[in-house]
2 protein chains.
Amino acid sequence: MSEKGAAQGGLRERKKRATRAALAEAAVRLAAEHGAEKVTVEAISAAAGVSVRTFFNYFDTRDDAFVVIDADAGARMRQAVLDAPAALSPLQALREALAAELAEAEQQHELWRLHAQVVHASPHLLVRTLGAHMADETGLAEAVAARIRAGGPTASVSPPACATDEERRGALDLYPRLLAAVAGTAVRTSVEHWSARPEEAAFLDVFQEVFALLAAGLPAPPA
Amino acid sequence: MSEKGAAQGGLRERKKRATRAALAEAAVRLAAEHGAEKVTVEAISAAAGVSVRTFFNYFDTRDDAFVVIDADAGARMRQAVLDAPAALSPLQALREALAAELAEAEQQHELWRLHAQVVHASPHLLVRTLGAHMADETGLAEAVAARIRAGGPTASVSPPACATDEERRGALDLYPRLLAAVAGTAVRTSVEHWSARPEEAAFLDVFQEVFALLAAGLPAPPA
DNA sequence: GACATACCTTGCATGCTATGCAAAGATGCA
DNA sequence: TGCATCTTTGCATAGCATGCAAGGTATGTC
């Protein structure tokens, strides 16, 4: 757990990680300074020290550089769900996996803060970010389903055997799907509510309150 | 309730609605036939009988034409939440508002089916669609909050007095926000689960089961 | 009905985004 | 070292997106 994304793999792979991270960071910093609309791919590439063509080897779209800060956060969360203690309920396992990921993001605090600032500044990017998060939830749903089937932690996080999207969706039951989607929603709602007034409450408290509300079945107005 | 989006307003407004609808429909049909990537703005515009420049007067982006079929569905849902009987709990009011909107979409059955087909064919568009739906949830959260404050149905759906996004988010409490987000999640999860195997269960049954699971607090595996 | 007003559409010019291709450079491995 | 593999890069090209100004179409007033 000490060195997750550090000296993993050979030189080639490390360089790729570095380049990707450099591009993403350059994009966010430039956007925070000048506004996302005024930042061209050329500027981002120059700041990261690569050619424009290389930028498009890493990102399909200019906006992706603003949206996808950490490309393999999804994989880490899936693994965390699978590795969680067997004693935890599905909802609890998800809560812990997400909390761990949020704690890790906290270490890149400044960058994530800029990211949030950039994304909230243009509705366009906000939509893309929300959508990207939701796409991750499909992976989480698979992990939850596997966990339930196995009755405990599982070994691998390798991509499912299903070939098409059709099959993959068909293989998922309603419950894991709903659980993953709701958990993702819980995170986003917590983040949004907290970031509206960061001084009013600790983020972790908001996060726990949201999960408590969910576990209670969203009872009518608590006022 | 009989003529919602029909002969509303003057000729000018009707023409704009018609043009927008024609563009959206042309986009979806062309994409369903040739694949979204192969459909140019020029083709869409030609099919709708307008110039390319006019296309961009209605949509900021080419992809928007594939994503936003019904531009003011969000406003209708907000109004429905505000107009719901005072006896309903917030969760119930949301459920009814969403169910009504889904029923209306059923009348454009073929178009929505094509839309789903197009969107699920390219992950890119799926992400955008998911994000767009989530953006609507902010409006729903406002409606829920207003409903709770008023203790019953309210009159207007006019935009809130808040100037900035910052203020608007600050004005929202945790509970309405969570409720709206979770309800939106419920709809998407229902649609996805049902559309994976449409023959296995009626959509409305899936929809109701999801809300039942939510109201029960997402208890551990029902198996 | 004629007029002024406001709005919508359109073509043109322009700059940026995005992809395929082939050559050159960097890495991994025997 | 030498070969195979992967990555980077420049170039060419097509499509996306916006500002601007000219012309056309509804709307309200006289």
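A note on names: the letters A, B, ... follow the listed sequences, proteins ahead of strands, and every chain is numbered from 1. The basis for the numbers below is simple: all heavy atoms, side chains too, and nothing from hydrogens, waters or symmetry mates.
- The side chain of A:Lys15 lies closest to C:dT27, out of C:dT27, D:dT8, D:dG10.
- Donor-acceptor pairing under 3.5 Å, judged by distance alone, is present between the side chain of A:Arg12 and the base of D:dT5.
- A straight line from CD of A:Glu13 to P of D:dT5 spans 18 Å, rounded to a whole angstrom.
- When the C1' atom of C:dA18 is taken as reference, atom CG of B:Asp63 falls 13 Å away, rounded to whole Å.
- A:Arg62 places its CZ atom 11 Å from the C1' atom of D:dA17, with the value rounded to the nearest Å.
- Whole-Å rounding puts the A:Arg17 CZ to D:dC6 P distance at 18 Å.
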Using the salt bridge (Lys or Arg N to Asp or Glu O under 4.0 Å) rule, take B:Arg76 and B:Glu104 through it: C-alpha gap first, then chi angles, then the decisive distance, then the call. CA-CA 11 Å; B:Arg76 281 202 302 275; B:Glu104 197 156 309; 3.5 Å; yes
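- In terms of position on DNA chain D, the residue among B:Val39 and A:Thr19 whose nearest nucleotide sits closer to the 5' end is A:Thr19.
- The shortest distance between the side-chain N/O atoms of B:Tyr58 and the OP1/OP2 oxygens of C:dT9 is below 4.0 Å.
- Taking atom CD of A:Glu42 as the reference point, atom P of C:dA18 lies 14 Å away to the nearest angstrom.
- The phosphate of C:dT10 (OP1 or OP2) has a side-chain N or O of B:Thr54 nearer than 4.0 angstrom.
- For the pair B:Arg20 and B:Phe59, the cation-pi test (distance below 6.0 Å, angle within 45°) is passed.
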Candidate pair B:Phe207 and B:Arg95, rule side chain to side chain contact (heavy atoms under 4.5 Å, CB included), full reasoning: CA-CA 9 Å; B:Phe207 187 71; B:Arg95 189 189 61 203; 3.7 Å; yes
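- A side-chain hydrogen bond (donor to acceptor under 3.5 Å, both in side chains) with A:Arg29 is found for one member of A:His34, A:Glu110, A:His115 and no other, namely A:Glu110.
- For the pair A:Phe55 CZ and C:dC16 P, the computed distance is 15 Å after rounding to whole Å.
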When you compare the protein's N or O atoms with those of nucleotides 19-22 of chain C, which come within less than 3.5 Å of each other, and at what distance?
from, atom 1, to, atom 2, distance (Å)
C:dG20, N7, A:Arg53, NH2, 3.0
C:dG20, O6, A:Arg53, NE, 2.8

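- Listed by chain and number, the residues in a side-chain contact (heavy atoms from CB on, under 4.5 Å) with A:Ala18 amount to none (sequence neighbours excluded).
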B:Trp112 vs B:Val28, side chain to side chain contact (heavy atoms under 4.5 Å, CB included): CA-CA, chis, key distance, verdict: CA-CA 9 Å; B:Trp112 280 101; B:Val28 168; over 6 Å; no
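- The distance from atom CZ of B:Arg20 to atom P of C:dT9 is 11 Å, rounded to the nearest whole Å.
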Which is it for A:Asp63 and B:Arg128 under the salt bridge (Lys or Arg N to Asp or Glu O under 4.0 Å) test, yes or no, and what are the steps along the way? CA-CA 12 Å; A:Asp63 290 346; B:Arg128 283 184 72 91; 5.6 Å; no
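- A:Asn57 has its CG atom 9 Å from the P atom of D:dT9, to the nearest Å.
- Between A:Lys16 and D:dT7, a side-chain N or O to OP1/OP2 separation shorter than 4.0 Å is present.
- Side-chain atoms of B:Arg14 stay outside donor-acceptor range of the base of D:dA26, with no qualifying N/O pair under 3.5 Å.
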